[in-house]
Amino acid sequence: MERYDARAIEEKWQAEWAREGAFAVENPAPGTEGDSRHFYMLEMLPYPSGTLHMGHVLNYTLGDVVTHFRRRNGYTVLRPMGFDSFGLPAENAAIKEGGNPLEITERNIASIENQMRRMGWAIDWTREVSAHEPTYYRWTQWLFLRLLEHGLAYRRQAPVNWCPNDQTVLSNEHVVDGRCWRCGAVVEARNMEQWFFKITAYSDELLDDLETIDWPERTKKIQRQHIGRSEGAELLFRIDELDRDVAVFTTRPDTVFGATFFVVAPESPLVDEIVDGTERADEVRAYARVAAARPTEERASREKTGVFTGRHAINPANGERIPIWVADYVLMQYGTGAIMAVPAHDERDREFAEAFELPIVPVIDDAGSLVSSGSFDGLGWREAIAAITQWLSERGRGKAAINYHLRDWSFSRQRYWGAPIPVVYCEDDGIVPVPDDELPVLLPEIENYRPKGEPPLAQATDWINVPCPRCGKPARREADTMDTFVDSSWYFLRYTDAHDESAPFDRRIADYWMPIDQYIGGIDHAKGHLLYSRFFVKALADLGLLGFREPFQRLFHQGWVKLGGKRMSKSQGGVTPDELIDRFGADPIRIYILFQGPADQDIDWTPDGIDATVRFVRRLWRVVHEAAAQPASAAGVDTPLARKAHEVIARVTDDIERRFVFNTPISAVMELINELSKAPEDPAARFAAETAVSLLQPYVPHVAEELWTVLGHARLWEEAWPVADASLLQRETIQLVLQVNGKVRDRVEVPVGLSEAELVERAKASPKVQAHLNGDEVRAIVVPDKLVNLVV
RNA sequence: GCCGGGGUGGCGAAACGGGUAAACGCGCCCGGCUUAAAACCGGGUGUCCCUCGAGGACAUGGGGGUUCGACUCCCUCCCCCGGCACCA
């Protein structure tokens with residue numbers, strides 16, 4: 001028996017798979033149905049901002065086990081790979097290193113590809129795409145133009161999140177606790193002209209369709225919360241002095257009789273209108289300016305501030321004149337940017353009223369019935385919502401309304417490393433799309449690409465100055481680039497048809513593979529990437545480009561790999577995948593990362609753990625070699641070892657297929673190996689060894705392949721998944737548990753299928769049971785073939 | 001504050017429809033092999049008690065409940081992790 005040499009074995013089989021293109025799959029030939037058993041397995045693609053860390057190893061090893069499992073169960077499995085190579089992560093890495101983003105990104109991609117090959121992951125490399133390649137971003141630009149044509153992309157002046165460190169606008173989804181998702185700098189509010197995708201047009205569908213997909217409940221919650229649908233009413237408050245109505249949104253129209261003041265957001269255009277020409281104008285404008293510029297974080301945590309405008313609005317319910325204030329606790333981006341304040345029943349309004357000594361009028365009593373509300377007194381508040389909405393609506397002073405927290409996705413970035421937005425600004429023609437046949441708008445090479453507030457592309461004068469595509473007069477290109485999340489909103493579609501030169505993808509091919517059967521990635525993308533991609537698919541379906549409306553049918557989030565209690569989000573000394581492969585080999589790492597516990601749970605990296613799996617692989621190696629010296633097992637051989645093997649086949653298959661758990665299958669095979677090593681000359685020894693190797697192949701594909709040849713076979717990666725023989729799963733005897741008053745007192749071996757009466761008889765025959773019965777009368781609870789409980 | 005997920009040996013965990021709690025692995029202890037160590041092999045290992053047995057009691061964050069029987073279901077409290085948070 002040769003020594004287990006991980007490096008030699010792994011290099012041998014990796015070379016073999018690469019030579020054959022073993023994991024490449026073909027699209028169905030045009031006009032054919034394709035394979036009815038096909039499966040699209042995808043893990044979120046990496047940012048090439050460095051090399052892979054142990055978190056990636058968990059993610060992709062999980063996907064690898066599923067890939068092998070499905071392949072061997074007769075599915076054609078599409079399992080591609082690519083790189084999210086544009087955007088902040090890659091560009092910031094380049095800046096940090098002080099080099100050219102293209103060179104650094106491509107160098108990182110090459111090292112990651114090498115790491116992936118060394119891990120032995122079964123990837124179809126023929127479909128590899130990277131977001132920064134012109135052959136890819138040409139189609140990102142093309143898709144943008146389609147969305148622009150249909151009004152789903154637009155440009156407007158709006159308050160946006162500005163990261164002062166990364167010098168760019170950020171989407172709402174990538175402001176985390178008031179800070180930038182990449183660098184952690186406190187985000188500022190700015191009013192700028194920016195590009196948006198109209199994701200809000202899909203608020204209801206994004207919410208409703210969550211019911212149709214198989215996702216973790218917590219992820220659905222995050223998306224529901226982020227969409228934040230709330231039902232209520234829009235009510236009109238009149239400002240006599242200005243001779244106009246102002247609408248407010250409220251979820252509690254039942255409390256309108258308690259509205260004792262009115263508040264306008266500092267950013268609201270209404271502020272100017274209200275104070276124009278009044279003696280308080282300067283004071284109010286000064287407050288509004290300062291308040292609007294305050295960082296969101298500070299604005300949320302501070303004590304209430306505000307100023308009285310001197311003007312009044314009329315409460316549509318009771319006709320009272322109530323003072324209009326400007327205060328920064330009211331947000332311009334939600335509802336109408338103005339609110340009716342009901343201090344008796346809203347905590348924020350109460351705080352404000354207390355701070356500024358404004359009247360507080362309760363309109364709902366402790367029993368939940370209305371008071372001081374005219375003819376509505378006595379009505380329950382829930383019924384009052386509908387009743388008051390209807391009453392005001394009949395009088396032309398309101399209507400039922402729905403509001404959402406979700407805002408349109410701002411996707412223009414004042415940065416270099418991204419897909420240029422393919423439009424031109426012309427003095428006469430305004431925003432002019434670049435014609436399709438001029439795509440891609442190539443990202444020019446420029447010397448100083450570092451962020452400086454102004455988009456770096458604005459300085460590329462040769463590039464930016466172009467004739468207007470429509471009238472030919474001098475015009476300027478858009479200098480902003482696209483958010484990296486635009487690239488990753490459709491990459492899974494490109495994989496299906498990666499080399500298409502006439503379209504981003506062929507609808508028939510995309511419809512064939514999609515939706516993705518199993519998607520795996522971090523929960524940190526719950527409301528960013530996972531929401532944007534859903535929006536893209538719905539929008540593209542509405543444009544007739546796709547025949548389905550959800551991209552990810554089934555979703556799984558792997559846990560974090562932690563070192564010293566901290567998430568590993570970059571490679572850390574001593575536990576980088578490369579160092580570990582060098583020291584132990586890829587197979588032990590793969591099995592280690594899945595054996596630690598449930599894959600959706602965080603795991604702590606421990607050196608002891610990896611030692612244990614190295615030991616297990618060596619033991620497997622030895623025990624299988626010993627079994628290989630035994631004669632071949634007869635088909636259907638019936639020994640305890642054979643039965644164990646069949647039981648393990650059933651358990652492993654069920655665990656992976658139905659339960660989607662990956663740690664217990666390893667335990668089950670360990671049990672089989674333990675039994676085999678205790679019965680090395682059992683007639684089923686060879687069968688048990690073959691079973692163990694075969695079941696473990698998705699986890700340790702290299703050593704399993706090698707051992708498969710030792711057992712006299714070839715090409716395990718194409719071998720059908722083993723099937724348990726049902727007749728050998730049937731037990732002839734069982735261990736009957738005997739309880740007295742619910743406590744276990746004895747266990748006896750009995751044949752299966754005894755009648756209840758026989759089982760009770762066996763129970764009563766046990767001396768240990770008798771010792772606890774004291775001859776008393778008993779009642780028996782019988783679970784056939786399992787347990788007898790005698791109750792005194 | 002609101003919402004979601006958790007709490008099981010010294011440690012990672014298992015127990016899937018209420019039916020043997022702790023499979024599998026780590027660590028530790030004893031033994032074998034060895035000049036020795038490593039590696040490897042065999043055995044033991046929840047806690048406590050005693051009369052040391054084919055013994056008993058107690059054990060799944062605390063308390064209570066349902067049940068013949070609860071890690072599992074219900075109520076309540078405590079703790080940990082995550083998401084959201086002036087969204088009217």
Side-chain angles (χ1 to χ4, degrees), chain A residues 176-178 216-226 228-230 232 248-252 255 259 263 265 296 299-304 327-342 345-349 351-352 403-407 523-524 526-527 560 592 595-598 600-604 606-613 615-616 618-619 622 651 654-655 658-659 661 663-674 677-678 735-747 766-768 771 778-783 786-792:
Chain A
V176 182
D177 291 332
E217 198 47 41
R218 58 185 172 143
T219 314
K220 292 188 184 184
K221 280 272 174 200
I222 290 171
Q223 293 210 347
R224 281 192 199 108
Q225 195 169 246
H226 187 68
R229 179 186 154 109
S230 49
V248 300
F249 175 74
T250 177
T251 52
R252 297 296 304 274
T255 64
V263 191
T296 357
R299 192 163 158 170
S301 63
R302 274 196 124 178
E303 280 182 21
K304 295 277 180 293
D328 68 357
Y329 82 95
V330 174
L331 307 175
M332 187 58 212
Q333 307 93 299
Y334 187 73
T336 63
I339 62 154
M340 66 173 202
V342 184
H345 304 293
D346 182 283
E347 210 181 309
R348 298 151 300 179
D349 296 343
E351 272 177 42
F352 193 82
N403 253 293
Y404 303 85
H405 292 186
L406 184 66
R407 315 234 213 280
I523 193 171
D524 47 329
K527 67 179 185 185
W560 302 102
Y592 163 81
F595 184 58
Q596 289 312 295
D600 56 357
Q601 197 169 296
D602 294 351
I603 63 174
D604 278 301
T606 65
D608 284 351
I610 186 78
D611 288 344
T613 47
R615 214 175 301 163
F616 171 66
R618 286 198 192 125
R619 180 170 154 83
R622 198 178 52 244
R651 273 164 62 188
D654 187 56
D655 280 356
R658 179 180 63 86
R659 302 179 64 207
V661 300
N663 53 333
T664 47
I666 301 169
S667 302
V669 176
M670 284 174 170
E671 287 179 33
L672 179 58
I673 291 293
N674 288 346
S677 77
K678 282 173 193 162
Q735 205 176 49
L736 183 69
V737 174
L738 306 180
Q739 297 183 331
V740 176
N741 290 333
K743 290 194 174 170
V744 179
R745 295 302 178 186
D746 201 2
R747 302 176 174 107
S766 158
K768 287 196 216 167
V778 292
R779 180 157 76 90
I781 311 281
V782 179
V783 183
K786 197 160 227 168
L787 167 148
V788 174
N789 184 13
L790 299 175
V791 184
V792 178

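Scope of the values below: all heavy atoms of this structure, side chains included, with no hydrogens, waters or symmetry mates. Lettering follows sequence order; numbering is per chain, from 1.
B/G55 atom P lies 6 Å from atom NZ of A/Lys768, rounded to whole Å. Rounded to an integer number of Å, the gap from CD of A/Gln223 to P of B/G82 is 20 Å. Between the P atom of B/G5 and the CD1 atom of A/Ile222 lies a distance of 12 Å, rounded to the nearest Å. The distance from atom CD of A/Gln601 to atom P of B/U8 is 10 Å, rounded to the nearest whole Å. Between A/Arg252 atom CZ and B/C86 atom P there is a gap of 20 Å when expressed in whole angstrom units. In this structure, the CE atom of A/Met340 is 16 Å from the C1' atom of B/C86, given to the nearest Å. In this entry the distance linking CZ of A/Arg619 with P of B/A39 reads 15 Å, nearest Å. Rounded to whole Å, the distance from NZ on A/Lys743 to C1' on B/U67 is 15 Å.
Look at A/Thr606 and you won't find any side-chain N or O under 4.0 angstrom from OP1 or OP2 of B/C11. Using a 4.0 Å cut-off, no side-chain N or O of A/Asn663 falls inside it from OP1 or OP2 of B/C24.
Judged by distance alone, with hydrogens and angles left aside, A/Arg618 brings no side-chain donor or acceptor close enough to the base of B/C40 to form a pair under 3.5 Å. The base of B/G4 is not paired with the side chain of A/Glu217 by any donor and acceptor separated by under 3.5 Å.
Summarising the geometry, atom NZ belonging to A/Lys221 is positioned 6.0 Å from atom CD belonging to A/Glu217; distances are rounded to the nearest 0.5 Å. Annotation: the span from A/Asn789 atom CG to A/Leu738 atom CG amounts to 10.0 Å, rounded to 0.5 Å. Note: A/Thr219 OG1 to A/Arg224 CZ = 10.5 Å, rounded to the nearest 0.5 Å. Atom CZ of A/Arg407 is separated from atom CD of A/Gln333 by 5.0 Å, given to the nearest 0.5 angstrom.
Side-chain atoms of A/Tyr592 and A/Thr606, non-hydrogen and from C-beta on, do get closer than 4.5 Å to each other. For the pair A/Ile666 and A/Thr613, the minimum side-chain heavy-atom distance is 4.5 Å or more. In this structure, A/Thr664 and A/Arg651 have side chains that are not in contact, with every pair of non-hydrogen atoms separated by 4.5 Å or more. A/Ile339 has its side chain within reach of A/Tyr329: a pair of non-hydrogen atoms, C-beta onward, lies under 4.5 Å apart. Here the side chains of A/Val342 and A/Arg252 are not in contact, with every heavy-atom distance at 4.5 Å or above.
The number of heavy atoms from other shown groups lying within 6.0 Å of CZ (A/Arg618) does not exceed 12.
Here the separation of B/G9 from B/A23, taken at their P atoms, is 13 Å to the nearest Å. Taking the P atoms as reference points, B/G25 lies 25 Å from B/C33, given to the whole Å. The P atoms of B/C86 and B/C77 are separated by 27 Å, rounded to the nearest whole Å. Using atom P as the reference point in both B/G7 and B/G61, the two lie 7 Å apart (nearest Å). Comparing B/C24 with B/G42, their P atoms sit 13 Å apart, to the nearest whole Å. With C1' as the reference atom, B/G69 and B/G19 are 7 Å apart, rounded to whole Å. Comparing B/G12 with B/C81, their P atoms sit 16 Å apart, to the nearest whole Å. Taking atom C1' in both B/C71 and B/A21, one finds a spacing of 8 Å when rounded to whole Å.
For A/Arg659, whose side chain is taken as the heavy atoms from C-beta onward, the closest listed nucleotide among B/A15, B/G4, B/U20 is B/A15. Closest to the side chain of A/Val791, from the set B/C68, B/C40, B/G83, is B/C68. The side chain of A/Asp346 has B/A88 as its nearest neighbour among B/A88, B/C86, B/A14. Nearest to the side chain of A/Glu671, among B/C16, B/C24, B/U20, sits B/C24. Closest contact between the side chain of A/Leu787 and the listed nucleotides B/C16, B/A23, B/G19 involves B/G19. Taking every side-chain heavy atom of A/Val744 into account, B/U20 is the closest of B/C86, B/A13, B/U20. Comparing B/C16, B/A13, B/G4 by their nearest atom to the side chain of A/Pro598 picks out B/A13. Here the side chain of A/Arg745 is nearest to one of B/A88, B/G19, B/A57, namely B/A57. Ranking B/A88, B/C16, B/C3 by closeness to the A/Lys221 side chain, first place goes to B/C3.
Residue contacts for A/Asp608: at a heavy-atom cut-off of 4.0 Å it reaches the sugar-phosphate backbone alone, with no base atom in range. A/Arg747 comes within 4.0 angstrom of a nucleotide base, judged by non-hydrogen atoms across all strands. Within 4.0 Å of A/Gln739, counting heavy atoms only, lies at least one base atom of the nucleic acid. A/Ile339 comes within 4.0 angstrom of a base, heavy atoms only. Here A/Arg622 lies in heavy-atom contact (under 4.0 Å) with sugar-phosphate atoms only. Using a 4.0 Å heavy-atom distance criterion, A/Val330 is classed as a base contact. A/Asn674 comes within contact range of the sugar-phosphate backbone alone, with a heavy-atom separation under 4.0 Å but no base atom that close. Among the atoms of the strands shown, none is found under 4.0 Å from any heavy atom of A/Thr613. Backbone-only contact: A/Arg615 has heavy atoms under 4.0 Å from sugar-phosphate atoms and none from a base. Residue A/Gln735 is classed as a base contact, given a heavy-atom separation below 4.0 Å to a base. Residue A/Pro216 is out of contact with every strand shown, counting any heavy-atom pair closer than 4.0 Å. Within the 4.0 angstrom heavy-atom criterion, no nucleotide atom of any strand lies near A/Asp349.
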Output, in order, the C-alpha distance, side-chain angles, deciding distance and verdict of side chain to side chain contact (heavy atoms under 4.5 Å, CB included) for A/Asp346 and A/Phe352. CA-CA 10 Å; A/Asp346 182 283; A/Phe352 193 82; over 6 Å; no
Run A/Thr250 and A/Met340 through side chain to side chain contact (heavy atoms under 4.5 Å, CB included) and show every step you take. CA-CA 8 Å; A/Thr250 177; A/Met340 66 173 202; 3.8 Å; yes
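Mapping A/Met670 and A/Ala265 onto RNA chain B by nearest heavy atom places A/Met670 at the nucleotide closer to the 5' end. Nearer to the 5' terminus of RNA chain B, by closest-nucleotide assignment, is the contact made by A/Ala612 (compared with the other of A/Ile523 and A/Ala612).
Annotated as syn: B/G9, whose glycosidic dihedral is within 90° of 0.
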Expected output check: what is the dot-bracket annotation of RNA chain B, where ( ) and [ ] are pairs inside the strand (brackets for crossing ones), | is paired with another strand, and pairs are Watson-Crick or G-U under 3.5 Å? (((((((..(((......[....)))((((((.......))))))(((((..).))))..(((((..]....))))))))))))....
